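Please read all numbers here as calculations on a predicted model, not as lab measurements.
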Amino acid sequence: MNHVMPSERKVRVNLGDRSYDILIGPGLIAAAGREIASRLKGRRMAVITDENVAPRYLEPLMASLNESGIEAVSLVLPAGEKTKSFEHLIPVCDAVLAAKIERNDAVIALGGGVIGDLTGFAAGIVRRGSRFIQIPTSLLAQVDSSVGGKTGINSPHGKNLIGVFHQPDLVLADTDVLDTLSPREFRAGYAEVAKYGLIDKPEFFDWLERNWQAVFAGGDARIEAIAVSCQAKADVVAADERENGLRALLNLGHTFGHALEAATEYDSRRLVHGEGVAIGMVLAHEFSARMNLASPDDARRVETHLKAVGLPTRMADIPGDLPPAARLMEAIAQDKKVKGGKLTFILTRGIGQSFVADDVPASEVLGFLEEKHPR
């Protein structure tokens, strides 16, 4: 029996026999054992987490699993983007195998996007696919990376280039954990929330402009923002699970953002993913204006909002030197959104009117980057 609290929201990701629920609300780590036991037959779990999350949430999660008769082992990894690597994938796979995880058992990711992506990849390849549960502990993971089954690790060639699609069986987004995020981490996650408004929900972007302070403060506005974001992602994933078309819209701002992350060598002191996305979304709107697709006023509006919440909005906001525009261009060309030599960008005709442009001339992008480069 599921006890849904009034402040809890449920979003369904409809993928036929692989459909699953996203539960959003307070206290879900304490309720994890009950929620998992009511949905999965398995009674053995391997919990993968990191050094930042483990001291706060690993014990309550293990206690909750034990109370529901679930036997669990855990593995604690170093925190940070560099953990998304082959070096750490191997011990995760070994831990899952050593735990004797069988078909109905599950691998649990307790952490932010890095842990979710890495653990999901391990779950996708161990025994050719194991059951998988996401317990995202950052805002970014709750509204974006934990939903939709994209998993993977980074390569020296770029982000997320090695991975598989492997959908979770359940996502538990405990909103209480967000109170322990640093303001910077919360803001970085908020960039992905704003993204859903900019893709195709102009009324949601309007709402965020008016209510962002309440979202930051917590409570119902925060739960609402997360639920709308998850529903937006769930709808896109249900329509285009493997990114053959529509799902690419979720990459708004990401092509520029990933290039900037690569340019800073994934050094989180300089730039974290959500900050790269914030700058990337402003650049995408400015580039769209440059291509006469949208009004420069839209780009200014996006920048004004993201700046108001405290996010970086320009390349000049990134501490330290950036490589020249030509080097950024190489990173963009290596990004996985390239087909037949033509660059694929998510561009926009206005707030909430984004679309996939798959024939963007590289020369235009290079000229634009040279113009925007802080040097």
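The environment of CG in D220 is sparse: at most 12 heavy-atom neighbours from other residues, nucleotides or ligands sit within 6.0 Å. Residue-environment remark: CD (E265) stays at or below the threshold of 12 foreign heavy atoms within 6.0 Å. No more than 12 heavy atoms of other residues, nucleotides or ligands lie within 6.0 Å of CG in D321, so this atom counts as exposed by the packing criterion. The environment of CD in E59 is sparse: at most 12 heavy-atom neighbours from other residues, nucleotides or ligands sit within 6.0 Å.
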Pairs of donor and acceptor atoms involving the side chains of residues 277-284, under 3.5 Å and at least two apart or interchain, shall be tabulated with distances.
none

Query - Check against salt bridge (Lys or Arg N to Asp or Glu O under 4.0 Å), E371 and R290 - result: CA-CA 11 Å; E371 195 181 288; R290 180 192 169 103; 2.5 Å; yes

Query raised in the report: What's the verdict on salt bridge (Lys or Arg N to Asp or Glu O under 4.0 Å) for E275 and R184, showing C-alpha distance, side-chain angles and the deciding distance?
Result: CA-CA 9 Å; E275 293 169 342; R184 183 184 180 203; 2.7 Å; yes

Requested in this report: Please report the C-alpha distance between Y57 and T180 in whole Å, then the side-chain angles of each, then the deciding distance to 0.1 Å, and finally whether the side-chain contact (heavy atoms from CB on, under 4.5 Å) criterion is met.
Outcome: CA-CA 11 Å; Y57 302 116; T180 61; 3.0 Å; yes

Report task. Apply side-chain hydrogen bond (donor to acceptor under 3.5 Å, both in side chains) to E81 and N154, showing your working. Result -> CA-CA 9 Å; E81 189 71 33; N154 299 332; 2.7 Å; yes

Query raised in the report: Given F287 and L369, is the side-chain contact (heavy atoms from CB on, under 4.5 Å) satisfied, shown in steps?
Result: CA-CA 9 Å; F287 185 68; L369 285 171; over 6 Å; no

Report task. With side-chain hydrogen bond (donor to acceptor under 3.5 Å, both in side chains) as the test, would you mind laying out the steps for H285 and S288 before giving the verdict? Result -> CA-CA 5 Å; H285 281 78; S288 298; over 6 Å; no

Report task. List the steps, then state whether side-chain contact (heavy atoms from CB on, under 4.5 Å) holds for L322 with M315. Result -> CA-CA 8 Å; L322 286 176; M315 288 196 248; 3.8 Å; yes

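Inter-residue side-chain proximity for E241 and R18 is flagged as met; some heavy-atom pair is nearer than 4.5 Å. Between P60 and I29, some side-chain heavy-atom pair lies under the 4.5 Å cut-off. Contact of the T348 side chain with the L198 side chain is not registered, since no non-hydrogen atoms from C-beta on lie closer than 4.5 Å. In this structure the side chain of K150 never reaches within 4.5 angstrom of the side chain of H166, judged on heavy atoms. I318 is listed as a side-chain neighbour of L260, based on a closest heavy-atom distance under 4.5 Å. No side-chain heavy atom of D359 sits less than 4.5 Å from a side-chain heavy atom of L343. Proximity of T137 to L110: side-chain heavy atoms (C-beta onward) are separated by under 4.5 Å at one or more points. At least one side-chain heavy atom of W207 sits under 4.5 Å from a side-chain heavy atom of N211.
Of all the heavy atoms in M329 and A362, the pair that sits closest is CE-O, 3.6 Å. Shown here for A234 and V11, the closest heavy-atom pair between the two residues is CB-CG1, 4.0 Å. Looking at every heavy atom in both residues, G113 comes nearest to A141 through N-CB, 3.7 Å. G80 and V114 make their closest contact through O-CG1, 3.4 Å (heavy atoms, listed as atom of the first residue, atom of the second, distance). The minimum heavy-atom distance between S354 and L249, with the atom names listed, is OG-CD2, 3.7 Å. When all heavy atoms are compared, the tightest approach of S145 to Q134 is O-NE2, 4.0 Å.
Proximity of a side-chain donor or acceptor of N14 to a complementary backbone N or O of A238 within less than 3.5 Å is not detected. When atom types are taken as modelled, the side chain of R247 and the backbone of G148 share a donor-acceptor pair closer than 3.5 angstrom. Remark: side-chain polar atoms of T119 are not paired, donor with acceptor, to backbone N or O of G116 under 3.5 angstrom. At distances below 3.5 Å, at least one donor-acceptor pair connects side-chain atoms of R187 with backbone N or O atoms of G310. A donor-acceptor contact shorter than 3.5 Å is absent between the side chain of S74 and the backbone of V47. When atom types are taken as modelled, the side chain of R44 and the backbone of A99 share a donor-acceptor pair closer than 3.5 angstrom. Not a single donor-acceptor pair under 3.5 Å links the side chain of S138 to the backbone N or O of G112. Counting only distance, with no hydrogens or angles, the side chain of S38 and the backbone of E35 share a donor-acceptor pair below 3.5 Å.
Using a 4.0 Å cut-off between charged nitrogen and carboxylate oxygen, R39 and D21 count as a salt-bridge pair.
Because its NZ or CZ atom is not both nearer than 6.0 Å to the ring centre of Y20 and within 45° of the ring axis, R12 does not count as a cation-pi partner of that residue.
V76 and V177 fall within a single hydrophobic cluster, where Ile, Leu, Val, Met, Phe, Trp and Tyr side chains are chained together by heavy-atom contacts under 4.5 Å. If you chain together hydrophobic residues whose side chains sit under 4.5 Å apart, M45 and F132 never meet in one group. Both I24 and I133 are assigned to one and the same hydrophobic cluster, defined by single-linkage of ILVMFWY side chains at heavy-atom distances under 4.5 Å. Hydrophobic clustering (side-chain heavy atoms under 4.5 Å, transitive across Ile, Leu, Val, Met, Phe, Trp, Tyr) groups V53 together with F186. Hydrophobic clustering (side-chain heavy atoms under 4.5 Å, transitive across Ile, Leu, Val, Met, Phe, Trp, Tyr) keeps L140 apart from L250.
Note that NE2 of H258 and OH of Y266 are 7.5 Å apart. Values are rounded to the nearest 0.5 Å. Rounded to the nearest 0.5 Å, atoms OG1 (T255) and CZ (F345) are 5.5 Å apart. Rounding to the nearest 0.5 Å gives a distance of 11.5 Å between OG1 of T175 and CZ of R9. In this structure, CG in L366 is found 10.5 Å from CD in E330, a value given to the nearest 0.5 Å. In this structure, the separation between NE2 on H254 and CD on E261 is 8.5 Å, given to the nearest 0.5 Å. Separation of atoms CG (L172) and CG (L170) is listed at 4.0 Å; rounding is to 0.5 Å.
For the pairing with E286, the salt bridge (Lys or Arg N to Asp or Glu O under 4.0 Å) check across R314, R300, R301 returns one residue only, R314. Put simply, the residue from I226, D144, V215 that forms a side chain to side chain contact (heavy atoms under 4.5 Å, CB included) with L139 is I226. R222 pairs with exactly one of D174, D176, D179 by the salt bridge (Lys or Arg N to Asp or Glu O under 4.0 Å) rule, that one being D179.
Note: Y190 and F216 have tilted aromatic rings, judged against thresholds of 30 and 60 degrees for the angle between ring planes.
Two rings, from Y196 and F204, have their centers 6.0 Å or more apart.
Donor-acceptor pairing under 3.5 Å is recorded for the side chains of N251 and E243.
Applying the 4.5 Å side-chain rule to ILVMFWY residues, one finds I48, L75, L77, F86, L89, V92, V96, L97, I101, I115, L118, F121, I125, V126, I153, I162, V164 in the same cluster as V107.
Listed by first and then second residue, the salt bridge (Lys or Arg N to Asp or Glu O under 4.0 Å) pairs that reach into residues 104-129 are K84-D117, sequence neighbours excluded.
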